[in-house]
**Q** 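I am attaching a structure below and will ask some questions about it afterwards.
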Amino acid sequence: MSTMTTTPARHGDRPFDAVLCDLDGVIRRYDTSRVTELERAAGLPEGSTAARAFALGGDLPPLLGEIGRERWADAIARDLSARVPPARARALGAAFAGAASWIDECVVDQLRRVRASLPVVIVTDAAPWPHDDLAALGLTDLADHVVSGARVGVAKPDPVIYGMAAARAGVSPDRCLFVDDVRENVEAAVALGMTGVHYREPADLRRALAALTPPRPEPGR
């Protein structure tokens, strides 16, 4: 079930002055159905591959720009080979690293609308070329700034990257709305005083942004 956690901070007539949004899992979505199928066949819990792929430490994550897609797939396979036969591990690594992606136009539309009045900052732990990715996707006008963990050398949920993003937006952390599909990342943002949205579907973001528009008075009042 989708959840949204907010902080009580509110100044003036709106609850926040900037939107900080994750890229992968919110704006860009991935088809991991093949990965799930392979996990079931291998007797692994659903999500096991993702958990290892994005684990911090060692040579697994490309989060800080350390490895490319092929090496990432190989690293995932090496890690999983301790739990499943090597052939299955290689298949899982390749399927995860090569999963097809698409852009959620509902999210893009909402962010473009809000950017007309508030700064939007993309905060991502993805590959170190987010600007190239956004250009290839036709989304160079989606945000005012992009903070890439691969570029700055620190990844979510480290408080440092949240502070960088707020600074790029030109507001204090308590005046930021933070949107991410990883609960741990949202909890870290809330701990810094941000308004947090644990994203699962476009309606989660829509409800949060609705706070920017005060309700219309009832007729006769």
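This chain uses plain numbering: 1 for the first residue, then up along the sequence. Hydrogens, waters and symmetry mates are skipped; everything else that's a heavy atom, side chains included, is used.
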**Q** Do you know the tightest heavy-atom contact between Leu38 and Ala95?
**A** CD1-CB, 3.8 Å
**Q** Check whether any side-chain heavy atom of Phe16 lies under 4.5 Å from a side-chain heavy atom of Val171, and answer yes or no.
**A** no
**Q** For the residue pair Leu142 and Val108, establish whether any side-chain heavy-atom pair is separated by less than 4.5 Å.
**A** yes
**Q** Run the side chain to side chain contact (heavy atoms under 4.5 Å, CB included) test on Leu92 and Val35 for me, step by step, so that the C-alpha distance in whole Å, both residues' side-chain angles and the decisive distance to 0.1 Å come before the verdict.
**A** CA-CA 6 Å; Leu92 281 163; Val35 177; 4.3 Å; yes
**Q** Is there a donor-acceptor contact under 3.5 Å from the side chain of Asp144 to the main chain of Val120?
**A** yes
**Q** Verify, without hydrogens or angle tests, whether Tyr162 (side chain) and Lys156 (backbone) share a donor-acceptor contact under 3.5 angstrom.
**A** no
**Q** Between atom CZ of Arg83 and atom OG1 of Thr49, what is the distance when rounded to the nearest 0.5 Å?
**A** 8.5 Å
**Q** What's the spacing between Asp204 CG and Leu209 CG if we round to 0.5 Å?
**A** 11.0 Å
**Q** Between Arg40 and Glu46, what is the shortest heavy-atom contact and its length?
**A** NH2-OE1, 3.9 Å
**Q** Donor-acceptor pair, distance only, cut-off 3.5 Å: does the side chain of Arg200 make one with the backbone of Asp181?
**A** yes
**Q** Strictly distance-based, threshold 3.5 Å: is any side-chain N or O of Arg115 a donor or acceptor partner for the main-chain N or O of Asp141?
**A** yes
**Q** Please answer: with hydrophobic residues joined when any side-chain heavy atoms are less than 4.5 Å apart, are Phe178 and Val152 in the same cluster?
**A** yes
**Q** Going from CG on Asp125 to CG on Asp180, what distance comes out if it is rounded to the nearest 0.5 angstrom?
**A** 8.0 Å
**Q** Would you call Asp74 and Arg78 a salt bridge, using N to O less than 4.0 angstrom?
**A** no
**Q** Quick one, Ile122 with Leu111, criterion side chain to side chain contact (heavy atoms under 4.5 Å, CB included). Give me CA distance, side-chain angles, the key distance, then yes/no.
**A** CA-CA 10 Å; Ile122 292 175; Leu111 291 177; 5.9 Å; no
**Q** Looking at Arg207 and Pro202, would you say the former's side chain and the latter's main chain have a donor-acceptor pair under 3.5 Å?
**A** no
**Q** How close do Ala73 and Ala97 get, counting heavy atoms only, and between which atoms?
**A** CB-CB, 3.8 Å
**Q** Going from CH2 on Trp102 to CD1 on Ile27, what distance comes out if it is rounded to the nearest 0.5 angstrom?
**A** 14.0 Å
**Q** Run the numbers on Val186 and Tyr199 for side chain to side chain contact (heavy atoms under 4.5 Å, CB included), then give the verdict.
**A** CA-CA 9 Å; Val186 177; Tyr199 181 90; over 6 Å; no
**Q** Between CE of Met164 and NE2 of His145, what distance do you get to the nearest 0.5 Å?
**A** 14.0 Å
**Q** Taking only Lys NZ, Arg NE, NH1 and NH2, and the carboxylate oxygens of Asp or Glu, determine whether Arg34 and Glu37 approach each other closer than 4.0 Å.
**A** yes
**Q** Is Val182 reachable from Leu20 through a run of hydrophobic residues whose side-chain heavy atoms are each under 4.5 Å from the next?
**A** no
**Q** When rounded to the nearest 0.5 angstrom, what is the spacing between CG in Leu139 and CD1 in Ile103?
**A** 5.0 Å
**Q** Which pair of heavy atoms, one from Val121 and one from Ala169, lies closest together, and at what distance?
**A** CG2-CB, 3.9 Å
**Q** How close do Ala165 and Val123 get, counting heavy atoms only, and between which atoms?
**A** CB-CG2, 3.6 Å
**Q** Decide yes or no on side chain to side chain contact (heavy atoms under 4.5 Å, CB included) for Tyr30 and Ser101, but give the supporting numbers first.
**A** CA-CA 4 Å; Tyr30 286 87; Ser101 65; 3.6 Å; yes
**Q** Is a side-chain N or O of Glu39 found less than 3.5 angstrom from the main chain of Gly47, in a donor-acceptor match?
**A** yes
**Q** Within a 6.0 Å radius of atom CZ on Arg112, are there more than 12 heavy atoms belonging to other residues, nucleotides or ligands?
**A** yes
**Q** According to a hydrophobic-cluster definition based on side-chain heavy atoms being under 4.5 Å apart (Ile, Leu, Val, Met, Phe, Trp, Tyr only), do Leu212 and Leu177 belong together?
**A** yes
**Q** Side chains of Arg28 and Leu137: does their closest heavy-atom pair fall under 4.5 Å?
**A** yes
**Q** Of the non-hydrogen atoms in Ile161 and Ala155, which two are nearest, and what is the gap between them?
**A** CG2-C, 4.2 Å
